[in-house]
Number of protein chains: 2
Amino acid sequence: MSDIDDFDLQDFLPYLLNQAAEASSLAFHQIYRERYGMLRTEWRVLFHLGRYGDMTASDIATRAKMHKTKISRAVSALEDRRFLTRSRRAEDRRQEMLSLTAAGRVAYQDLRGEAQRYNAEMTQALGVTDARMLQAVLRRLGGIG
Amino acid sequence: MSDIDDFDLQDFLPYLLNQAAEASSLAFHQIYRERYGMLRTEWRVLFHLGRYGDMTASDIATRAKMHKTKISRAVSALEDRRFLTRSRRAEDRRQEMLSLTAAGRVAYQDLRGEAQRYNAEMTQALGVTDARMLQAVLRRLGGIG
DNA sequence: CCTTGTTAGTTACAAAATCAACCATTACAA
DNA sequence: TTGTAATGGTTGATTTTGTAACTAACAAGG
């Protein structure tokens, strides 16, 4: 190679983001997996319903930018474990409204608490200033803010 | 729910990291996929060999923190497409040294260029200061730096 | 030499994600 | 009112990943 090759993987933002995402998800992943046998998609659906109230599968798809087949399967799994129920909407019988059961709400509260705790630890480890900055930048990147 | 529920998904760092990682990988993913039919693991193996020179599969595993089965499959795929060759090492006949072919080096140069360009765009979009800060924080999180 | 343990890499099987095709229902225009 | 398209959601086939068990080669102690 004739040119100076100074571009490193550690400079490549998508790579860094993926590594950090993977590393940071790992420990929390263990929690909802071992405690409730949940997959990430299932945890996300649970969180959306717990945090933002009853909604349809496509509402979740829009909010979480998850593909509808993932949601469909996550909803089935959560229903099988009695964490949520569905009911067809009278206004439009294609849609079904999803609601957490009592057990689902308990799981949500529990996991939300763990998430908060986990987040607080990460924030502490990074330092509050850096953590806030990171959040702000990530929101921009994810097209969230 | 009796308590004030003010913890949002958009505050949860692992979630933000995943969203940002996914969003930022997407466009680049299209490039190596459509141009060379590569998967992410294959692109990473290619990059390591192109950037750091010949090495064995387990060298890559250590550097990239990828599981050895992923690498095994990526190496086979790259070999099938004639992007690399293997040769058993005389010193230790369990190991095989991986080297890019001419075609592999061409693909590497091409994709590295795209990666640099892509990274520059992201950096510009974020603003140089924020981008540098982001890099630094992500390296800490990924346990890289 | 033989056993026992370790490392490099592959393979087989299960779990999960992706993609396309598919119903049922609604919307809407001819 | 009927034909066509669009939407909400599910299912099945294919691809990709993850997990374990496996082979081959080396290492070291007896």
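Every chain is numbered from 1, with letters handed out A, B, ... down the list of sequences.
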**Q** Can we say Arg139(B) and Asp11(A) salt-bridge, meaning some charged N sits less than 4.0 Å from an Asp/Glu carboxylate O?
**A**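 A salt bridge links Arg139(B) with Asp11(A).
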**Q** Could you run through nucleotides 2-10 of chain D and give me one letter per nucleotide, 5' to 3': B if any protein heavy atom sits under 4.0 Å from the base, S if only the sugar-phosphate is that close, - if neither?
**A** ----BBSBB
**Q** Tell me whether Glu42(A) is salt-bridged to Arg81(A), with the criterion being a basic N under 4.0 Å from an acidic carboxylate O.
**A** yes
**Q** Please tell me whether Arg112(A) and Gln109(A) have a donor and an acceptor in their side chains that are separated by less than 3.5 angstrom.
**A**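 Short answer, yes.
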**Q** When the distance from NE2 of His29(B) to C1' of dC19(C) is rounded to whole Å, what number comes out?
**A**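 It works out to 14 Å between those atoms.
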**Q** Taking Ala61(B)'s backbone N and O only, do any of them form a donor-acceptor pair with Ser58(B)'s side chain (distance below 3.5 Å, no angle check)?
**A** no
**Q** If I take atom CG in residue Leu26(A) and atom P in nucleotide dT17(D), what distance separates them, rounded to the nearest angstrom?
**A** 17 Å
**Q** Go nucleotide by nucleotide along DNA chain C from the 5' end; which of Thr41(A) and Arg93(A) gets its closest nucleotide reached first?
**A**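 Of the two residues, Thr41(A) wins.
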**Q** Nearest-Å distance, CG (Leu39(B)) to P (dC19(C))?
**A**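 So the CG-P distance, Leu39(B) to dC19(C), works out to 11 Å.
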**Q** For Leu84(B) and dG9(C), what is the distance between atoms CG and P respectively, to the nearest whole Å?
**A** 13 Å
**Q** Do Thr62(A) and Asp59(A) have side-chain atoms, one donor and one acceptor, less than 3.5 Å apart?
**A**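 Not at all, the side chains of Thr62(A) and Asp59(A) share no donor-acceptor pair under 3.5 Å.
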**Q** Write down the distance between CZ (Arg33(A)) and P (dG18(D)), rounded to a whole number of angstrom.
**A**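 The distance from CZ of Arg33(A) to P of dG18(D) comes to 11 Å, rounded to the nearest Å.
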**Q** Just wondering, more than 12 heavy atoms not from Arg33(B) lying within 6.0 Å of its CZ?
**A** no
**Q** Starting at atom CD of Glu42(B), determine the distance to atom P of dT15(D), rounded to an integer number of angstrom.
**A** 14 Å
**Q** Whole angstrom is fine here: how far is it from CZ in Arg40(B) over to P in dT18(C)?
**A** 10 Å
**Q** Which part of the nucleic acid, if any, lies within contact of His67(A), taking any heavy atom under 4.0 Å across all strands shown: a base, the sugar-phosphate backbone alone, or nothing?
**A**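 Counting heavy atoms under 4.0 Å across all strands, no contact is made by His67(A).
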**Q** Nearest to the side chain of Lys70(A), which nucleotide is it out of dA25(D), dT18(C), dT19(D)?
**A** dT18(C)
